[in-house]
Amino acid sequence: MGTLTSCSLTTLNLRFRVCPVRGAFSGRIRPLEHKSSMNICFLCKERSKREIFGRRFDRFTCFSINGNEGEDNTSKGSNLTTTSPEGAEERNSDKFNSEEAPASVSSRSPNMSSVGPPYDNFQVDSFKLMELLGPEKVDPTDVKLIKEKLFGYSTFWVTREEPFGDLGEGVLFLGNLRGTREEVFAKLLRQLAEVTGDKYNLFMVEEPNSEGPDPRGGPRVSFGLLRKEVSEPGPTSLWQYMIALLLFVLTIGSCVELGIASQINRLPPEVVKYFTDPNATDPPDMQLLFPFLDSALPLAYGVLGVQLFHEVGHFLAAFTKKVKLGIPYFIPNITLGSFGAITQFKSILPDRRTKVDISIAGPFAGAALSFPMFCVGLLLSSNPGAAGDLVQVPSMLFQGSLLLGLISRATLGYAAMHAATVSIHPLVIAGWCGLTTSAFNMLPVGCLDGGRALQGAFGKNALISFGLTTYTMLGLGVLGGPLSLPWGLYVLICQRTPEKPCLNDVSEVGTWRRTALIVAIFLVVLTLLPLSDELAEEMGIGLVTTF
């Protein structure tokens with residue numbers, strides 16, 4: 001117990017200093033040769049196995065000036081030097097006096113710093129402290145081993161290394177490819193598992209700032225190395241499940257509210273004022289809404305069903321690709337019922353094809369259910385036998401979408417559409433909301449479904465260009481009409497960051513995937529592009545008042 005007390009951090013003169021060769025705090029723990037084997041420093045005895053804040057404390061040099069219990073080395077003026085495990089350097093020492101009082105922090109003289117080094121306590125600068133508390137970096141020993149065992153003249157000849165990752169916690173190997181990129185990458189993955197086990201993830205990415213393409217065709221590649229605990233997404237926590245459940249309940253409420261608002265021609269004046277007057281903040285008496293709940297539920301079921309089917313499309317595509325997805329966070333919205341959901345990847349995607357397939361599966365599934373609902377609703381709206389189920393909506397509503405407005409005009413006719421109100425079936429509203437939500441989520445920006453798909457099909461540079469164009473069109477109200485501003489703010493707050501790279505972030509996705517994505521984006525623009533007043537008047541869609 002006496003030995004441990006004399007080596008504790010509170011009573012020892014335990015000092016860390018900057019390594020003059022490798023930089024600040026870059027050396028490893030180097031044990032000192034003490035005179036007595038019974039009084040070896042506790043940190044020296046443990047070496048690099050000690051952990052502080054959950055991080056390995058193996059990047060510092062231990063300078064202990066307590067050679068024996070009960071010695072005041074500062075008064076003796078002893079001089080210490082670091083020693084290595086292979087051969088310890090001799091240090092100057094004096095005769096130890098066992099009768100002297102034990103050294104402690106409180107017993108030191110105020111001017112002791114003039115005698116010894118000015119490092120009396122832990123002197124860890126803020127940068128290195130953040131590095132200590134930050135993500136785990138790649139072990140330099142493993143980097144050396146990987147360069148020797150994996151890379152070479154038959155796979156990839158490494159010429160230099162750079163930091164890799166969001167915080168530079170990984171290593172990016174740059175050099176020259178010595179074979180087909182897919183075959184080399186598969187070989188490197190097998191050898192990495194044999195050499196380091198399940199410790200690291202290896203990424204094949206495009207070489208940053210490359211001067212030209214690869215001689216074999218395609219972009220030049222480089223390989224990034226990250227620890228798995230850093231690169232792989234973390235598990236979903238309990239509070240995230242609670243937030244997702246709360247948002248889902250709010251989404252159900254917004255869908256029911258949309259169903260009630262669709263019956264605006266039947267609602268009491270107090271309720272109509274609440275839904276139509278922008279200055280109305282106080283909700284009406286809830287008892288006035290109870291008679292309309294039964295007729296509002298079918299529309300609510302339809303809108304909510306489209307959103308759920310959208311997420312089912314994502315999960316089915318991810319299941320076939322053996323990719324894990326997180327729990328969806330539904331975003332409620334009274335105008336559409338829901339803005340969709342935020343669904344995160346919970347595993348690293350193997351390649352860009354997988355990213356495209358999973359990303360477009362959700363909007364395609366939502367559109368595949370919404371479009372038949374929209375068409376069936378239009379057919380029922382023109383059927384005199386279903387007049388009892390129809391609701392009255394303003395004809396100006398159909399000017400919000402060029403594509404959907406033209407389809408409605410072609411189905412219902414000029415007389416029905418060129419009036420103040422139009423009688424339509426609730427399925428038309430459900431299909432319209434579902435198609436609009438799917439179109440919004442397919443916009444090529446950020447980590448929306450469209451942004452992920454575009455990044456996987458054409459690369460990150462194409463996403464940046466399309467993203468700036470999309471933000472501009474949303475800001476000017478060219479896309480989405482009155483919903484452009486709230487949707488743009490939603491993307492900026494929640495979905496603006498591009499998706500992280502795949503393990504194989506270089507191989508192409510194929511022509512048909514790119515073609516399908518281009519067609520989908522074209523249909524998205526037609527869906528979100530509102531009709532101008534002149535075109536709407538000429539087509540007979542809604543009444544346009546001319547002053």
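Between Lys137 and Glu169 there is no salt bridge, since no side-chain nitrogen of the basic residue lies less than 4.0 Å from a carboxylate oxygen of the acidic one. In summary, Asp139 and Arg227 do not engage in a salt bridge, as defined by a charged side-chain N under 4.0 Å from a carboxylate O.
The number of heavy-atom neighbours closer than 6.0 Å to CZ of Phe371, taken from other residues, nucleotides and ligands shown, is 12 or below. Lys149 NZ: 12 or fewer foreign heavy atoms inside a 6.0 Å radius. The neighbour count for Tyr301 OH, taken as heavy atoms of other residues, nucleotides or ligands under 6.0 Å away, does not exceed 12.
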Check your understanding: Run the side chain to side chain contact (heavy atoms under 4.5 Å, CB included) check on Arg160 and Phe173 step by step: do they pass?
Key -> CA-CA 6 Å; Arg160 66 183 189 275; Phe173 300 99; over 6 Å; no
Review point. Side chain to side chain contact (heavy atoms under 4.5 Å, CB included) between Arg178 and Phe156: does it pass, once the steps are laid out?
Key: CA-CA 5 Å; Arg178 298 300 179 88; Phe156 186 79; 6.0 Å; no
Point to revise | Working for side chain to side chain donor-acceptor pair (under 3.5 Å), residues Ser222 and Glu206 | key: CA-CA 6 Å; Ser222 54; Glu206 295 185 15; over 6 Å; no
**Study point:** Verdict with supporting geometry, Leu177 and Arg220, side chain to side chain contact (heavy atoms under 4.5 Å, CB included)
**Key:** CA-CA 8 Å; Leu177 191 66; Arg220 294 181 62 89; over 6 Å; no
Review point. Could you walk me through whether Val391 and Ile429 pass the side chain to side chain contact (heavy atoms under 4.5 Å, CB included) check?
Key: CA-CA 10 Å; Val391 295; Ile429 303 176; 4.1 Å; yes
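Contact check for Trp432 versus Leu404: side-chain heavy atoms found under the 4.5 Å cut-off. Side-chain contact between Asp214 and Pro219: absent, with no pair of heavy atoms (C-beta onward) separated by less than 4.5 Å. Residues Val230 and Tyr200 have side chains not in contact (no heavy-atom distance under 4.5 Å, counting atoms from C-beta outward). The side-chain heavy atoms of Leu336 and Leu258, taken from C-beta on, include no pair separated by under 4.5 Å. Within the 4.5 Å cutoff, the side chain of Leu202 has no heavy atoms near those of the Leu503 side chain. Side-chain contact check for Ile243 versus Phe248: every heavy-atom pair is 4.5 Å or farther apart. Using a 4.5 Å heavy-atom threshold, the side chains of Leu427 and Phe374 count as separate. Between Tyr329 and Leu247 there is a side-chain heavy-atom pair separated by less than 4.5 Å.
A side-chain donor-acceptor contact under 3.5 Å links Asn201 and Ser231. Using modelled atom types, one finds no donor on one side chain facing an acceptor on the other under 3.5 Å when comparing Thr354 with Asp357. With hydrogens and angles left out, the side-chain atoms of Ser438 and Asn441 include no donor and acceptor closer than 3.5 Å. Asp449 and His314 are linked by a side-chain donor-acceptor pair at a separation below 3.5 angstrom, with hydrogens and angles left out of the test.
Side chain of Thr159 to backbone of Leu174: a donor-acceptor contact under 3.5 angstrom is found. A donor-acceptor contact shorter than 3.5 Å is absent between the side chain of Thr180 and the backbone of Glu182. Remark: side-chain polar atoms of Ser401 are paired, donor with acceptor, to backbone N or O of Thr527 under 3.5 angstrom. Put simply, the side chain of Ser359 never gets that close to the backbone of Val356: no donor and acceptor are under 3.5 Å apart. Looking at Ser338, its side chain never comes within 3.5 Å of a backbone N or O of Asn333 through a donor-acceptor pair. Checking side-chain atoms of Thr411 against main-chain N and O of Ser408 turns up no donor-acceptor pair under 3.5 Å. The backbone N or O of Phe339 sits nowhere less than 3.5 Å from a side-chain atom of Thr437 that would complete a donor-acceptor pair. Within the 3.5 Å criterion, the main-chain N or O of Gly405 finds no donor-acceptor partner in the side chain of Arg409.
Considering all non-hydrogen atoms of both residues, Pro426 and Leu299 come closest at O-CD1, 3.4 Å. Val306 and Gly366 make their closest contact through CG1-O, 3.9 Å (heavy atoms, listed as atom of the first residue, atom of the second, distance). Smallest separation of non-hydrogen atoms from Leu479 and Ser484: O-CB, 2.9 Å. Minimum heavy-atom separation, Cys433 to Val303: CB-CG2, 4.4 Å. In plain terms, the two heavy atoms of Val422 and Ser395 that are nearest each other are CG2-CB, 3.6 Å. Nearest heavy-atom pair, Phe203 versus Phe185, reported as atom, atom and distance to 0.1 Å: C-CE1, 4.2 Å.
When each of Arg181, Arg514, Arg353 is tested with Glu508 by the rule salt bridge (charged side-chain N to carboxylate O under 4.0 Å, His left out), just one qualifies, namely Arg514.
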Under 3.5 Å, which donor-acceptor pairs link side chains of residues 342-350 to any protein atom two or more places apart or in another chain?
from, atom 1, to, atom 2, distance (Å)
Thr343, OG1, Glu311, OE1, 2.7
Lys346, NZ, Gly234, O, 2.9
Ser347, OG, Lys324, N, 3.0

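Taken to the nearest 0.5 Å, the CD atom of Gln307 stands 8.0 Å off from the OG1 atom of Thr251. In this structure, NE2 in His310 is found 10.0 Å from OG in Ser370, a value given to the nearest 0.5 Å. Residue Arg352 holds its CZ atom at 16.0 Å from CZ of Arg452, rounded to the nearest 0.5 Å. For the atom pair CZ (Phe466) and CG (Leu443), the distance works out to 12.0 Å, reported to the nearest 0.5 Å. Atom CD of Glu499 sits about 13.5 Å away from atom CG of Leu454, to the nearest 0.5 Å. For the atom pair CG of Leu245 and CD1 of Ile327, the computed distance is 7.5 Å after rounding to the nearest 0.5 Å.
The aromatic rings of Phe151 and Phe223 are tilted relative to each other, their planes meeting at an angle between 30° and 60°. Trp487 and Tyr490 have tilted rings, their planes meeting at an angle from 30° to 60° on a 0 to 90° scale.
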